[in-house]
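Presented below is the structure to which this report refers.
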Amino acid sequence: MKKTIYSFTSFFCFCILLFSACGKNSASKTDINDTDSLTHQAFEKNETDDTAIKKITYEIFTDSGTVDLPKIEPSMPDFGTSFKEQILVVTEVPSQTNLEAIQTILQKKQNYSGDAKEALVKKKKEYFDFYIDANSEEIIGMSADWEQNKTISVIYNDNYFTTIGFYLDEYGGGARSYYTDTYLTLDLKNSKQVTLSDIFDKNGISQLTQKLTVKAKEIVEKEGASSMEDYGFLVEKVEPTERFFFTDKGIEFSYLRTEITVGAMPPPTFLLTWNELKDIVKADASVRSLMK
């Protein structure tokens, strides 16, 4: 991690900013430049043969930076933190899609309002300020090199459906880091988020549980374990999760570490192909258009 060398003057300025009751966006507790690290990548649309747009066009904005914890005493060790966060903004949708509705869903998911670039600058400042406050002189023994890394990827984007993956990898002191992934699937024709209840009824959920459990037992058998418990599963049957995403092949269900297996096991995922799902999906589910 690149370290910033704080002079007495810059530290004095920091103290003033620390206790300031108001200020502009550029008035931060750190010397981080809030604009130089702000970037974005635009993704152009690919039109189908009939020129009908069946996917979203979007931009991903990124802001990142590092900051050192100011030394109150010369004997203090060097501590610092790094920050990276992304925000996805949809710029174009199919003609029948409500762009405003899609943006509202995305903003709620990404916990911001207004301009994405301004939101990222604010998020970075708040994170650095929180880090400095949390590692104050009173609790300096708990100080550490922190890290927060939030990234985004578009996993599926075609045929009027889009799945976006949100990934958080962070360390805030202590013995272990924290990782999680969540997914948002959008039904573009109906301008809404897709949930399990949109795809399966109660009977379908029951059959889905059976299919996921069979997938788990196939892993157990392949690895030569005598039972699901022996392999490391914490459950006797695998219930479906809202942490799912679409692929060209089908729907993949992703589970967090220790959610259904012991911590020593890698987080499991189970793919059910469209062909495996076609008999249990609700008759009126919009996702049936993908089962060709």
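Side-chain contact between T81 and D145 is absent, with no heavy-atom pair separated by less than 4.5 Å. With a 4.5 Å cut-off on side-chain heavy atoms, I260 and L234 do not count as touching. Counting heavy atoms from C-beta outward, F200 and L277 have side chains that approach closer than 4.5 Å. Side chains of M291 and R288 form a contact here, defined as non-hydrogen atoms less than 4.5 Å apart. In this structure, the side chains of T162 and L188 come closer than 4.5 Å at one or more pairs of heavy atoms. Between K217 and M228, the closest side-chain pair of non-hydrogen atoms falls below 4.5 Å. Using a 4.5 Å heavy-atom threshold, the side chains of I56 and E92 count as separate. At a threshold of 4.5 Å between non-hydrogen side-chain atoms, the residues W146 and F79 do not count as touching.
To the nearest 0.5 angstrom, T180 atom OG1 is 9.5 Å from E170 atom CD. Separating the CG atom in L186 from the CG atom in L106 is a distance of 5.5 Å, to the nearest 0.5 Å. Here E85 contributes atom CD and S64 contributes atom OG; the two are 11.0 Å apart, rounded to the nearest 0.5 Å. The CG atom of L290 sits 5.5 Å away from the CG atom of N159 when rounded to the nearest 0.5 Å. A distance of 8.0 Å separates CG in L272 from CD1 in I251, rounded to the nearest 0.5 Å. From S153, atom OG reaches atom CD of Q86 across 9.0 Å, with rounding to the nearest 0.5 Å.
Heavy-atom minimum distance, V238 versus F270: CG1-CE1, 4.1 Å. Smallest separation of non-hydrogen atoms from Y112 and K123: CB-CE, 4.1 Å. Nearest heavy atoms, Y58 versus T91: N-OG1, 3.7 Å. What you find for L168 and K150 is that their closest heavy atoms are CD1-CG, 3.5 Å. What you find for S82 and Y127 is that their closest heavy atoms are O-CE2, 3.8 Å. Summarising the geometry of D187 relative to S286, their closest heavy-atom pair is OD2-OG, 2.8 Å, with the distance given to 0.1 Å.
Here E223 pairs with I219, Y231 under the side-chain contact (heavy atoms from CB on, under 4.5 Å) rule; sequence neighbours left out. Contacts of Y156 classified as ring-ring contact (aromatic ring centres under 6.0 Å, His included), with partners at least two apart in sequence or in another chain: none.
Looking at S254 and D181, their side chains do bring a donor and an acceptor atom within 3.5 Å of each other. No hydrogens or angles considered: a donor-acceptor pair under 3.5 Å links the side chains of K109 and T182. For the 3.5 Å distance criterion, the side chains of T273 and E276 qualify, holding a donor opposite an acceptor. Under the 3.5 Å distance criterion, with hydrogens and angles disregarded, no donor-acceptor pair is assigned to the side chains of Y160 and T97.
The hydrophobic clustering, which links ILVMFWY residues whose side-chain heavy atoms are closer than 4.5 Å, places L212 and V214 apart. In this structure, L184 is not a member of the same hydrophobic cluster as F161, with clusters built from ILVMFWY side-chain heavy atoms closer than 4.5 Å. In the hydrophobic clustering of ILVMFWY residues, with side-chain heavy atoms under 4.5 Å counting as a link, M265 and L256 come out apart. Both V154 and I105 are members of a single hydrophobic cluster when ILVMFWY side chains are connected at heavy-atom separations under 4.5 Å.
Counting only distance, with no hydrogens or angles, the side chain of Q110 and the backbone of L88 share a donor-acceptor pair below 3.5 Å. Checked by atom type and distance alone, the side chain of R257 pairs as donor or acceptor with a backbone atom of G263 at under 3.5 Å. The backbone N or O of L196 sits less than 3.5 Å from a side-chain atom of E242, completing a donor-acceptor pair.
Through side-chain heavy atoms spaced under 4.5 Å, either directly or across other Ile, Leu, Val, Met, Phe, Trp or Tyr residues, L271 is tied to no other residue. Other members of the hydrophobic cluster containing I155, listed by chain and number, are Y167, Y179, Y183, F245; membership follows side-chain contacts under 4.5 Å among ILVMFWY residues, whether direct or relayed.
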Residue pair I199, V194: steps toward the side-chain contact (heavy atoms from CB on, under 4.5 Å) verdict: CA-CA 8 Å; I199 307 173; V194 180; 3.7 Å; yes
Stepwise ring pair (Phe, Tyr, Trp, His ring centres under 6.0 Å) check, W274 with F246: CA-CA 10 Å; W274 296 123; F246 287 6; 5.5 Å; yes
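Pairs engaging residues 191-210 under the side-chain hydrogen bond (donor to acceptor under 3.5 Å, both in side chains) rule: K192-D198, T195-S197, T195-D198, T209-E239 [sequence neighbours left out]. Annotation: side-chain hydrogen bond (donor to acceptor under 3.5 Å, both in side chains) contacts involving residues 260-271, sequence neighbours excluded, comprise E252-T269.
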